[in-house]
Protein chains: 2
Amino acid sequence: MVVSESIAVAGKEADTRERLIKAALRVFADRGIASATLREITVEAGANVAAVNYYFRSKEELTRTVLETCLRPINENRLRSLEKLVAENGEAAIPLESLVEALVRPMVEQSLDDYGGRSPVRLLLQVRALPQPLTNTILANQFDSIHRLFVQALGNTLPELSRSEIGLRYDFARGAIMQILGDLDPAARDLPDLPIKQARLDNETLIRQLVHFIAAGFRAPASPSFAGA
Amino acid sequence: MVVSESIAVAGKEADTRERLIKAALRVFADRGIASATLREITVEAGANVAAVNYYFRSKEELTRTVLETCLRPINENRLRSLEKLVAENGEAAIPLESLVEALVRPMVEQSLDDYGGRSPVRLLLQVRALPQPLTNTILANQFDSIHRLFVQALGNTLPELSRSEIGLRYDFARGAIMQILGDLDPAARDLPDLPIKQARLDNETLIRQLVHFIAAGFRAPASPSFAGA
DNA sequence: CTACCATTCAAATGGATGTTTAAAATTATC
DNA sequence: GATAATTTTAAACATCCATTTGAATGGTAG
């Protein structure tokens with residue numbers, strides 16, 4: 001059992017394990033999880049091919065670790081922000097804009113990789129587009145409670161909306177967030193599919209725009225066609 | 001040069017080529033384009049492995065054909081709806097709800113596969129999450145002009161918004177549409193990630209909800225932080 | 001120094017994949 | 001009904017992959 005304190009090297013060279021995770025995040029996002037080869041990943045990490053099976057048992061477990069590593073901080077931050085809002089507002093309903101910002105800001109701010117890209121977003125988009133048992137379980141563990149809490153809080157803030165309608169609009173909101181973040185990734189720069197190529201967006205402006213749009217959507221009157229579940 | 005009129009068979013058994021495309025759509029959406037094997041596809045299509053390289057030259061060209069086949073009708077429908085709205089409204093601005101519905105309805109109604117799933121949506125989500133030269137080009141050809149036209153029309157309807165802000169909100173709207181459609185696919189049923197599992201949504205209700213939410217988002221006042229490009 | 005641990009390495013293994021080939025089967029044309 | 005074109009088939013090919021193996025390396029403690 002080594003605590004790995006070899007004069008600490010002051011962070012000069014990261015642990016091989018950590019380098020593997022970072023390299024895997026990048027390669028997974030760039031080439032796709034299935035298409036990414038352990039050789040690409042280990043070369044980028046400056047490690048041997050066998051290192052993956054040494055530190056993780058398989059490519060599958062590396063995938064799990066990468067996903068959890070890049071998603072956990074985002075949702076921890078969301079949870080902290082939500083708890084803070086609950087504490088601040090006591091029995092009163094939380095202002096809609098604050099609630100939406102607590103959902104948006106962590107994803108915008110903490111979905112950046114070490115190269116200025118949005119690897120975590122592209123990874124999340126991948127695993128959501130391609131439901132599979134392994135990744136579904138990870139997503140459930142990471143997002144399930146968060147989403148329940150947010151939907152509940154939104155229900156308190158917007159009592160005129162049924163739970164079903166809140167759930168739907170919450171889904172719309174998540175889609176809006178993920179779409180724009182995916183499109184802002186430099187890897188999507190050659191997607192001429194985008195009508196937003198020119199706009200240079202800093203995080204604060206993007207957050208403000210997202211909150212503005214999503215809050216307005218939530219404030220739309222309840223639909224008569226939606227009696228609730 | 002055969003016109004293939006063998007008593008027509010009245011559509012009893014489809015062309016091998018068509019069966020391959022349909023099977024490929026399903027397998028691509030289920031397993032991912034990269035992970036899908038020609039053997040899975042040909043087995044599902046009831047054809048020989050070599051059939052893919054006979055009708056298409058390679059897996060890559062099969063991919064191109066599948067994507068174009070399932071996306072073209074959607075955007076053709078969007079284009080027709082938009083043109084009809086332009087004709088109906090003459091010089092006047094098109095009502096926002098009509099515009100949004102022209103964007104939403106074709107995707108909701110024509111993104112179903114033969115099994116009641118949303119294979120085209122899952123495929124589109126995949127190729128957007130994983131930018132690659134081949135698929136990027138296809139997406140550009142399919143969506144580029146449509147998006148330009150819609151952004152332009154939205155700009156006429158909402159003259160108080162800058163072009164940049166319209167583009168952003170248009171991106172949000174596309175994300176909302178794709179997210180909910182992906183989540184409604186039966187393949188995502190075991191994604192406990194979803195707060196909308198219970199709601200039984202028919203297409204009409206979903207369209208109304210999407211239009212309601214997106215239109216409200218577009219109607220949010222212009223942001224002072226957005227002077228425009 | 002020696003023994004022990006964790007880590008790294010080059011090489012090999014076994015399996016799966018896209019693609020090709022050439023023959024067989026089917027269909028169309030005269 | 002014979003000939004030619006089209007389509008289907010089984011088998012093989014070459015390549016690439018994740019994973020395993022066993023030896024080499026390095027540092028650490030006794």
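In what follows, chains carry the letters A, B, and so on, assigned in the order in which the sequence lines appear, proteins first and then strands, with residues in each chain numbered from 1.
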Could you tell me the separation between the [atom1] atom of [X] and the [atom2] atom of [N], rounded to a whole number of Å?
| X | N | atom1 | atom2 | answer |
| --- | --- | --- | --- | --- |
| A/Ile41 | D/dT19 | CD1 | P | 11 Å |
| B/Lys59 | C/dG18 | NZ | C1' | 8 Å |
| B/Ile33 | C/dT17 | CD1 | P | 17 Å |
| B/Asp15 | D/dT6 | CG | P | 14 Å |
| A/Asn53 | C/dT7 | CG | C1' | 14 Å |
| B/Arg17 | D/dT6 | CZ | P | 16 Å |

Notebook entry, point to check: Okay, side chain of A/Thr205, backbone of A/Leu201: is any donor-acceptor separation there less than 3.5 Å?
Noted result: no
Check: Under the 3.5 angstrom rule, does the side chain of B/Ser111 hit a backbone N or O of B/Met107 as a donor-acceptor pair?
Finding: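 Yes; judged by distance alone, with no hydrogens or angles, the pair exists.
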Can you sort out the partners of [X] under side chain to side chain donor-acceptor pair (under 3.5 Å), two or more places apart, ordered by chain and number?
| X | value |
| --- | --- |
| B/Lys22 | B/Asp114 |
| B/Gln132 | none |
| B/Asp30 | B/Arg122 |

Margin query: Base contacts versus sugar-phosphate-only contacts with protein, heavy atoms under 4.0 Å: please encode nucleotides 8-16 of chain C as B, S and - from 5' to 3'.
Written below: BBB------
Between [X] and [Y], which heavy-atom pair has the shortest distance, and what is it?
| X | Y | answer |
| --- | --- | --- |
| A/Leu62 | A/Ile41 | CD2-CD1, 4.2 Å |
| A/Gly182 | A/Ala188 | O-CB, 3.6 Å |
| A/Arg118 | A/Asp185 | N-OD2, 2.6 Å |
| B/Leu71 | B/Gln142 | C-OE1, 3.7 Å |

Note to self: Is it true that A/Thr16 and A/Arg19 share a donor-acceptor pair across their side chains at a distance under 3.5 Å?
What the structure shows: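 A pair is found: one side chain offers a donor N or O, the other an acceptor, under 3.5 Å apart.
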Next item on the list: Residues of residues 24-31 of chain A with any non-hydrogen atom less than 4.0 angstrom from an atom of DNA chain C: list those, numerically ordered, please.
Entry: none
Next item on the list: Could you identify which residues of residues 61-70 of chain A place a heavy atom less than 4.0 Å from some atom of DNA chain C, listed by residue number, or say none?
Entry: none
Check: Should the pair A/Tyr170 and A/Phe150 be assigned to parallel (<30°), tilted (30 to 60°) or perpendicular (>60°) ring geometry?
Finding: parallel
Next item on the list: May I ask you to say what A/Ala34 touches in the nucleic acid, namely base, sugar-phosphate or nothing, with a heavy-atom cut-off under 4.0 Å?
Entry: nothing
